[in-house]
Amino acid sequence: MKKGDLLVFFIFIFLIGLLPVLSGSTYTMTVGIFSGINALVAIGLCILMGYAGQVSLGQAGFYGIGAYVSAFLSLHFGLPVVVSLIFAMIVGAIAAVILAVPALRLKGHYLAVATLGFGEIIYIILNEWGPGGPSGFGDIPHFSLLGHTITSTTGYFYLIWCLVAGVMLFSLNLIHSRSGRALRAIHDSELASNAMGLDVVVLKIKVFILSAVYASLAGGLYAHYITFISPSSFSLFYSILVLMMVIVGGITNLWGAIIGAVVITVLPELLRRFEEFDVLVYGLILTLSLMFFRKGLVPILVEKIKKLKGLAVVKH
Amino acid sequence: MLTVFLQFLFSGLTVGAVYALVGIGFNIIYNATSIINLAQGEFVVIGGLLMWFFTESLKLPFLLSAVLTILSAGLIGLFMERLTINPLKSTDLLLMIMITIAVSIVLRGILMFNFGKDPYVYPPFTEGEPLSIYGAIIQQQTLWVIGITGLCIILLFLFFKKTIVGKAMLACAVNPTAAKLVGINVSRMVMLSFILSAIVGAIGGMAITPISLMEYDKGPMLAVKGFCAAIMGGLGSNRGAVIGGFIIGILESMTAGYIHSGLKDAVALVILLLILFFKPAGIFVSKTMLQLRKF
Amino acid sequence: MLNIKGIWKSFGGLMALRHINFDVKEGDIKALIGPNGAGKTTLLNIISGIYQPDKGEVSFLGKNISNLPSTKIARKGISRTFQHVELFGNMTVLENIMVGRYVKTKAGFFSSGLKMPYVMKEEKEIQRKSEEILEYINLTQRKNELASNLPIGEQRILEIGRALATEPRLLLLDEPAAGLNIRETRNLGEIIKKIREELKITIVLVEHDMDLVMRISDWITVLNFGEIIAEGTPLEVQKNPEVIVAYLGDEEEIQRGYNAHT
């Protein structure tokens, strides 16, 4: 991890700790929890798209798999939630391998449509064969660890953002490592990556698995927090929302995924009064950010800071 | 036995015709720009809902409504290209995919705002006794759908083969640089492809709505199935898209009829993935064609 | 160390290489020359595994590598540069070299994410080694710039540096002097010689700049229309009448064309 990242990371931890103290209302905490869950999925997609250059319009599929597997195992087999979450991640990983092995030979549009198709198939499966069908099921046990069950929103807030911090730390380490550099290399030139002896196929599959594991962890946490799930939360629209988070925040920066997730989660809350507008607003945000802020919030901010620093150096 | 089978077959042909039109819409834009326009399904929805608006809400006569719907769809295609695709002028495929998704969400948002979440329907184009073949009922509207699709295909064929503009559009697809050199206005051709493709989609929507209803969020599924039809015959080939569309329509209605109605969407998706994974160049494409095609 | 026996390769109906035999001795600088479209790059692409030959065998250090993918060939110790520079444009100069160290290191996804102690040690080693290579090719002052921002001359040198980072036994250079000015070309020649002498790396060089070729290579193979028409030392090749014809065209033909013109 670079120095800048480390500093930002400490500020980030500080903010997480501070928020419940400043505004511990159930409402703030709930929005915070959803932001955190979305951030987990967005970080995965950011590594996949921004770093490795592979598109996915099917993240909702992995998110749904995580939610259903963890909820079902803990509810019907009485597995401890931590264990069921781990199973959820394993199943998500297996699904990623099944999709990635044939799909990652495809490029651009084809990969986009293939992942979209995968997400929709999972959605149909959940509707047809998922417990409770289209209306879903409830009574999912709350998260518990070592006999302590978390039921309060503040508790969930801390739990989820600690996991976001952990995942972020892991991801930052990864992208500044040998494997992270290899992923960026594949994005820039597959031809040269092959000639440098990088196992392009294996790396692509691995990064796909990683993004799926993050998404299924998020799905599982969502299920245990909300205790009731139905397929409608895992439709194509969710995949597009995650895409939007990554783009708005800045696809080439992992912090962008977190910022994007928070912005896109908080936004509809601010637009509550225009409920019938929400799809349109989402669409406009995505269109405008693609047209005018293609780099995304965080990279633009980083550039501004660098410029300011540059000016300061000149002045001295 | 036969009656039921025929009934499923006819309903498959009807929806298949619309998938074929969506597939052709994909091809028109792909051929001119190598962009896959994921907002293609929204054009179909626009056709159905606007037709409802003109005939049922404004009570305009049928032909006038049809003309207005087609003009509006063309205009939407034009705006989409001029406001998003053209200013970006990018060759970054990832960006292009996302911008068409973004436009599709905007269109869906506008449709939802104006029409709400309810399904809409209007009477068939002609009132009259349905035909009956071996006991299977064919609604007159079914004949309209298939007839209109056929007409579209013939007109497009003539357009690309016989008119200067059509040939110029094909030239842009084969080699944009060369097209520019011989004085073809490539940017205008790209614009035209979006207009044409929006119109083709809207016509499909107008024709199918009396049979299968139309609602604001039908777009993505229509796009996926139309895309499936288009790649079945190899992206860019209209003949392939037509055959593909009918195959998907028939398989879908057979699945819904004989197996389970909830699975009808899954059929197209599974076919889509199988084609993408094993024969992304299309299943009716010869080996030599394959070598000529770039990926 | 590299033995190529009876290679055939065609694209559709076009015969790109016919019955090529080509050997490279350890420690040599061997140049591959010929007019445009003679099949030089195709041969390089076959050696490095980007294409598979239709017929024939490529063996490296006594092992058959004809049907291996380029990744595996790179790991066996053959590295290369590209005619149209293929750097990782969005990465810095130093990072480009560091990607080259990939084959010589092993930290995986999981251990990197957890920053295990051995990963940290390895990462430091990658950094040290890469900076050493940058020093070697004289690009240290550029280390934090984006690779795509370098002038073409330095991009070509960086590509060689990246290839060196994989510690190859055999280095394939595809027109390394294309787009370079005289001074840059001379500098390139020095670097290539240095690589052979100090690092003991065998080199195959595809190049159009005859000055450079004649100055640094030990052996030259001349390709024309997918066939080898001459082989030998620079002096021998220069005097070979077939080579002169291939490069300048048939003398009689020139004469005929001249007559027809006047």
Side-chain angles (χ1 to χ4, degrees), chain A residues 1-2 5-6 43-44 47-48 50-53 89 93 96 166-211 213-214 251-254 295 299 306, chain C residues 44-45 48-50 69-82 84-92 94-116 119-120 122-123 125-126 130 146-148 159 162-163 165-168 172 174:
Chain A
M1 202 163 39
K2 287 181 182 166
D5 279 333
L6 203 64
I43 293 170
I47 300 178
L48 184 68
Y51 288 86
M89 290 191 272
V167 162
M168 192 63 188
L169 201 58
F170 184 91
S171 309
L172 284 170
N173 285 340
L174 176 69
I175 59 170
H176 293 300
S177 75
R178 163 184 184 263
S179 305
R181 278 189 301 272
L183 292 177
R184 288 163 61 204
I186 292 172
H187 190 177
D188 277 358
S189 166
E190 277 194 32
L191 186 65
S193 301
N194 271 315
M196 290 301 111
L198 273 56
D199 13 40
V200 173
V201 181
V202 178
L203 280 163
K204 279 188 186 175
I205 293 173
K206 277 185 178 173
V207 71
F208 218 81
I209 293 175
L210 186 78
S211 82
V213 167
Y214 287 180
I251 198 165
T252 52
N253 193 309
L254 270 184
K295 285 181 180 160
K306 271 191 186 156
Chain C
L44 229 51
N45 284 344
S48 59
I50 292 174
S70 55
T71 325
K72 292 224 169 106
I73 289 180
R75 275 178 251 166
K76 289 210 179 293
I78 300 182
S79 198
R80 68 169 292 172
T81 67
F82 294 89
H84 307 286
V85 180
E86 285 280 341
L87 284 169
F88 307 122
N90 292 314
M91 301 170 77
T92 65
L94 180 64
E95 284 173 329
N96 265 275
I97 307 271
M98 288 168 91
V99 173
R101 295 300 297 158
Y102 189 89
V103 280
K104 293 288 165 191
T105 45
K106 52 182 192 302
F109 258 54
F110 206 63
S111 44
S112 298
L114 295 178
K115 240 182 179 175
M116 313 271 247
V119 177
M120 308 263 287
E122 193 182 83
E123 183 71 15
E125 187 60 25
I126 293 174
S130 303
L146 281 189
S148 53
E159 244 197 342
R162 184 181 64 182
T166 66
E167 291 176 31
L172 313 174
D174 197 353

For [X], which atoms come within 4.5 Å of any heavy atom of chain A: side chain, backbone, both, or neither?
X	answer
C/Glu122	side chain
C/Leu172	neither
C/Thr105	both
C/Leu114	both

Taking all heavy atoms of [X] and all of [Y], pick out the closest pair and write down the distance.
X	Y	value
C/Phe110	A/Phe170	O-CE1, 3.7 Å
A/Ala182	C/Tyr102	CB-CE1, 3.6 Å
C/Phe82	A/Ala192	CE1-CA, 4.0 Å

Are any non-hydrogen side-chain atoms of A/Asp199 and C/Arg75 less than 4.5 angstrom apart?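 Yes, close enough: below the 4.5 Å cut-off.
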
Would you call C/Thr71 and A/Val200 a side-chain contact if the rule is heavy atoms closer than 4.5 Å?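 The answer is no, as the side chains (C-beta and beyond) never meet within the 4.5 Å cut-off.
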
Considering only heavy atoms, which portion of [X] lies under 4.5 Å from any heavy atom of chain C: side chain, backbone, both, or neither?
X	answer
A/Ser171	neither
A/Ile175	neither
A/Ser193	both
A/Val207	both

Spatial distance of atom [atom1] ([X]) from atom [atom2] ([Y]) [nearest 0.5 Å]:
X	Y	atom1	atom2	result
C/Glu86	A/Asn194	CD	CG	11.0 Å
A/Leu198	C/Ser70	CG	OG	10.5 Å
C/Phe109	A/Ser177	CZ	OG	8.0 Å
C/Arg80	A/Met196	CZ	CE	9.0 Å
C/Ser112	A/Leu174	OG	CG	6.0 Å
A/Leu172	C/Lys115	CG	NZ	9.0 Å

Go through A/Ala195, A/Ala185, A/Ser179 and name the one with the most non-hydrogen pairs under 4.5 angstrom from chain C.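 The answer is A/Ala185.
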
Tell me, please, which residues at least two apart from A/Lys295 pass salt bridge (charged side-chain N to carboxylate O under 4.0 Å, His left out).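 Salt bridge (charged side-chain N to carboxylate O under 4.0 Å, His left out) check on A/Lys295 returns A/Glu303.
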
Can you list every pair that meets salt bridge (Lys or Arg N to Asp or Glu O under 4.0 Å) and has a residue in residues 167-192 of chain A, with sequence neighbours left out?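 Listed once each, the pairs are A/Arg181-C/Glu123, A/Arg184-C/Glu95, A/Glu190-A/Lys204.
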
